Amino acid sequence: MNKQVTFEQRLTERNDARAAELRRRFAAAGVVVVNLMSSPGAGKTTLLSATLAALSPEPAGVVIGDLATDNDAQRLRTVTPWVRQITTGTLCHLEAAMVEEAIADWELSQLRYLFIENVGNLVCPANFDLGERARVVLFAVTEGEDKPEKYPPILYRADLVLLAKSDLLHPLAFDEQRFVVAVRRVNPRVPILTLSARTGEGLGSWLDWLRTLHPTGRPGSSDRVQAS
Amino acid sequence: MHELAIASSLVETLAERFRERPKTRITAVYLRLGPLAGVVESALRAAFEVAALGTLAEGARLEIEHTSLKVRCHICGHEQALADPAEDGEDIRLSCLVALPEVCPQCSAPVLDLVEGDELDLVAAEVIENEQASDVRTTTD
């Protein structure tokens, strides 16, 4: 005889449970974790390199997801000893279990920030919680003004949007206002920061935003940060 | 492509629930998907078919209910359903996602929360429990 069995749970429950456990560990260790997502080539590694250098001497670690190679990890080892590369093979996103394994032997309380550089992809990472404090979605000026509205799910869950490579705004005649409108169509309230890792423009605002994520951080703009 | 990871997770969840009753067969799985779930229905169906092979859910029917976008004002509580421009049966529903309103149409407060639209839920499963085997432990796998 057929029988109906009720579940009423997220399809991603297994990952969500692991992520929740990681989030507890991160909070207990006092480390702020940021999940950084973008298309391939938008400039995640370059931004992190500049960010870690600017945050120094505050200790920050990076976990990087790529399909293959540890090129990004090698680049970042020049700015921090806390680097772990996850090579996913053909998997298009990181999952909480991968992050857990990557940092298994780290003493998390020694870190103040941990950046998770997700696999370059604006679709798949949206569904997988990694235990982060904040989700940051980065777009580059080179991707065009309308890119944000092409990827609604990832944007809808974003706590911050970064517009990177701002040194190319003028050469590319990029219409910043059109970009803001595209973001607002999906996420009317998310803060948007424009910056360039190359020239350093806007980096200060990005660092200020990161500091608001710490409970002990400077007050002021913390009301703009939504819990994820 | 992440649909395969989601389908595998779904099959694991189902298998886990019926671990103590290895003769159970799943005939249908009921899901709820919102336009912001970030999942393409046809890809999920194909992935589920593959992920379920050789498991208790092999051949199970996927019944998918689509929700729409709904926002609620943080201040006055006004709820507003946003028209889903996708035709029934249309696959990539995000291609024509309507813009979320910036302010409440009732009180103009700029604080709208999404109350419906990002569902990615396993609602229920329809199962056949083999009665004669229901209290017999087997060690088939």
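Computed from a prediction, not measured in an experiment: that's the story for all the values here. What's counted below: heavy atoms across the whole structure, side chains too, no hydrogens, waters or symmetry copies. A, B, ... follow the sequence lines: proteins, then strands. Residue 1 opens every chain.
Chain A forms the most heavy-atom pairs under 4.5 Å with one residue out of Arg32(B), Glu119(B), Arg25(B), and that residue is Arg32(B). When each of Leu31(B), Leu114(B), Thr27(B) is scored by its heavy-atom pairs under 4.5 Å with chain A, the top score falls to Leu114(B). Most heavy-atom pairs under 4.5 Å with chain A, from the set Leu14(B), Leu120(B), Leu10(B): that is Leu120(B). With chain B as the partner, the residue from Asn127(A), Thr6(A), Val123(A), Asn15(A) showing the most heavy-atom pairs under 4.5 Å is Asn127(A).
Each of Leu114(A), Val33(A), Val83(A) was compared with Val63(A) under the side chain to side chain contact (heavy atoms under 4.5 Å, CB included) criterion, and only Leu114(A) meets it. Screening Asp129(A), Asn118(A), Asp159(A) against Asn35(A) for a side-chain hydrogen bond (donor to acceptor under 3.5 Å, both in side chains) leaves a single residue, Asn118(A).
Interface residue Asn2(A): backbone and side-chain heavy atoms are both found under 4.5 Å from chain B.
Glu49(B) pairs by the side chain to side chain contact (heavy atoms under 4.5 Å, CB included) definition with nothing, not counting sequence neighbours. Under the side chain to side chain contact (heavy atoms under 4.5 Å, CB included) criterion, Val119(A) pairs with Leu67(A), Thr88(A), Leu94(A), sequence neighbours left out.
Between His2(B) and Phe128(A), the angle of the ring planes goes over 60°, which puts this pair in the perpendicular group of the 30/60° scheme.
Side-chain contact check for Leu195(A) versus Glu201(A): every heavy-atom pair is 4.5 Å or farther apart. Put simply, the side chain of Phe115(A) does not reach to within 4.5 Å of the side chain of Leu47(A), judged on heavy atoms. Side-chain contact check for Ser39(A) versus Lys147(A): some heavy-atom pair is nearer than 4.5 Å.
The closest donor-acceptor contact from the side chain of Gln106(B) to the backbone of His78(B) lies at 3.5 Å or more, if one exists at all. Between the side chain of Ser9(B) and the main chain of Ala5(B), no donor-acceptor pair closer than 3.5 Å is present.
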Exercise for review: Quick one: do Ile64(A) and Leu48(A) satisfy side chain to side chain contact (heavy atoms under 4.5 Å, CB included)? Show the steps, please.
Suggested key: CA-CA 11 Å; Ile64(A) 310 156; Leu48(A) 286 181; 5.9 Å; no

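Interface with chain A: from residues 57-65 of chain B, no residue qualifies, criterion being any non-hydrogen pair under 4.5 Å. The stretch residues 96-106 of chain A places none of its residues near chain B, where near means some heavy atom under 4.5 Å from a heavy atom of that chain.
With hydrogens and angles left out, the side-chain atoms of Thr45(A) and Asp72(A) include a donor and acceptor closer than 3.5 Å.
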